[in-house]
Amino acid sequence: MTTSIALFTRDLRVHDNPVLHAAAAADRCVPLFVLDDAIISSSFFNANRASFLTDCLTDLDASLRALGGALVVRRGQLADEVAAIVRAHDVTEIHVAADVSRYARRREEALRALGADLHVHDASINAVPPLSLAPSGGGDHFAVFTPYFRRWETVQRRGVLRAPRRVTVPEISGELPGRLHDGTPSPDLAAGGETVGRELMASWARTGAADYAEVHDALADDATSHLSPHLHFGTVSVTELLDRVGTASEGARAYTRQLAWRDFHHQVLAARPESATRDYRTRDDRWRRSERDFEAWRDGRTGYPLVDAAMRQLVQEGWMHNRARLVAASFLCKTLYLDWRRGAQHFVDLLVDCDLANNQMNWQWVAGTGTDTRPNRVHNPVAQAIRYDPDGAYVKRYLPALADVDPKHVHEPWRLPEDEREALDYPPPVVDLREAADRFADARRKR
């Protein structure tokens, strides 16, 4: 009899899962998830992702049991835990999804040394394998999104895979984990798991995506898919999501473009893994060091309502609207002129959907040290608020102190009459926007 391991990582689903599909073809299959001490003990593992992960593993186990199997969970050093199962059950094949981080590469190297045949599946986490596209003029990756997207659109993606009819698991123990993190998750954190993710995907493809181009930036409408945590944990397949959304409407095409950005950032990190912590394109910035300003940003007390509402949403939900992320990040890096790495780490600390490639490379894009072709652009938080939250509904949702402020003043409460302003439990601006813009422009000119 042949025995395989389906090693789940960021592909916690039974539908359209190349790893499980291939491994289940063996006579016996061990569906395995290892709570790797290297990750569990790292700064990348937060209470929100721990809670979401627990939901995902519970749901995955239920789905596998419906197929005749069960999820085997181990905790420890990943290679050691996999090696023990290889020896105990004469495993001949190990299947795992390809990923782009340095950690993922080290994981592959360790798995190759275990004696079983290792099969790394490229199109499991990404729609297009990260380093399968290269510029025709030379180079190992695309550094600008638009030419990448043109090529990405032409790729013939693999077909969507059905869930296995049956998964036959040898006798083996491996109970689901209990509490994974000492911290308290965000009070309004979304639920995880493939069942929830597939329901969300079906609803989005049926009724949400068509209007995406028109409404995705409208902060109060919250008309985005909310699928980013499910894409990060792989409870939804990006290949199946693209297949379901299609390209028949302008909204669907705009949404497809956003999913291509996800693949774009993965190929950048795959080619330049050091850009997780180092400038992709250095501007020789000498970032300010102001704990007062950083804490005001972190705590949502900058005096700029859109920025503060975004930071409060992050704490409350472990998630943030994409437009709000852009404005909040720009405010930290360019208005306050603080190091993008500090902002990126704060997002790591709270975001449930914090994908390493997309978090770090988006922060670098905003900071002007990444792939943005306009590295010195600054997103004015007042102009952005007036454009994307004209009635102040988003701001008022997360800043109750401004709930009764007239829409014409809600984004600039410092313009209220003095008595009204002093009655608010809301701080004055931490910085003058014009002075901040001049400071940033001057800093970049001198480098």
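Computed from heavy atoms alone, side chains included, the values below leave out hydrogens, waters and symmetry copies.
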Report all side-chain donor-acceptor pairs from residues 124-132 shorter than 3.5 Å, counting only partners two or more places apart or in another chain.
unit_1 : atom_1 : unit_2 : atom_2 : d
Asn126 : ND2    : Asp263 : OD1    : 3.0
Ser132 : OG     : Pro129 : O      : 2.7

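- In this structure, Arg257 satisfies the cation-pi test against Phe149, with its NZ or CZ atom closer than 6.0 Å to the six-membered ring centre and inside 45 degrees of the ring normal.
- The side-chain hydrogen bond (donor to acceptor under 3.5 Å, both in side chains) analysis of residues 198-215, with sequence neighbours excluded, yields the pairs Arg198-Glu240.
- Under 3.5 Å, the side chains of Tyr426 and Asp308 contain a donor-acceptor pair of N or O atoms.
- Judged purely by distance below 3.5 Å, without hydrogens or angles, the side chains of Glu274 and Tyr280 never pair a donor atom with an acceptor atom.
- Looking at Gln267 and His265, their side chains never bring a donor and an acceptor atom within 3.5 Å of each other.
- Ala38 is linked by a side-chain contact (heavy atoms from CB on, under 4.5 Å) to Asp36, Tyr103, counting only residues two or more places apart in sequence or in another chain.
- When side chains are defined from C-beta on, Leu336 counts as touching Val430, because their heavy atoms get closer than 4.5 Å.
- Atom NE2 of His89 sits about 7.0 Å away from atom CZ of Arg28, to the nearest 0.5 Å.
- Evaluation of the side-chain contact (heavy atoms from CB on, under 4.5 Å) rule for Ser290 yields Arg288, Arg292, Asp293, Leu338 as partners, not counting sequence neighbours.
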Anything under 3.5 Å between a donor and an acceptor, one on a side chain of residues 57-70, the other on a protein residue two or more places apart or in another chain? List them.
unit_1 : atom_1 : unit_2 : atom_2 : d
Thr58  : OG1    : Thr54  : O      : 2.9
Asp59  : OD1    : Thr195 : OG1    : 2.7
Asp59  : OD2    : Glu194 : N      : 3.0
Asp59  : OD2    : Thr195 : N      : 3.0
Asp59  : OD2    : Thr195 : OG1    : 3.3
Asp61  : OD1    : Arg65  : NE     : 3.3
Asp61  : OD1    : Leu71  : N      : 3.0
Asp61  : OD2    : Arg65  : NE     : 2.9
Ser63  : OG     : Asp59  : O      : 3.2

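- Residue pairs satisfying the ring-ring contact (aromatic ring centres under 6.0 Å, His included) criterion with at least one member in residues 343-362, sequence neighbours excluded, are listed as follows: Trp297-His346, Phe347-Trp363.
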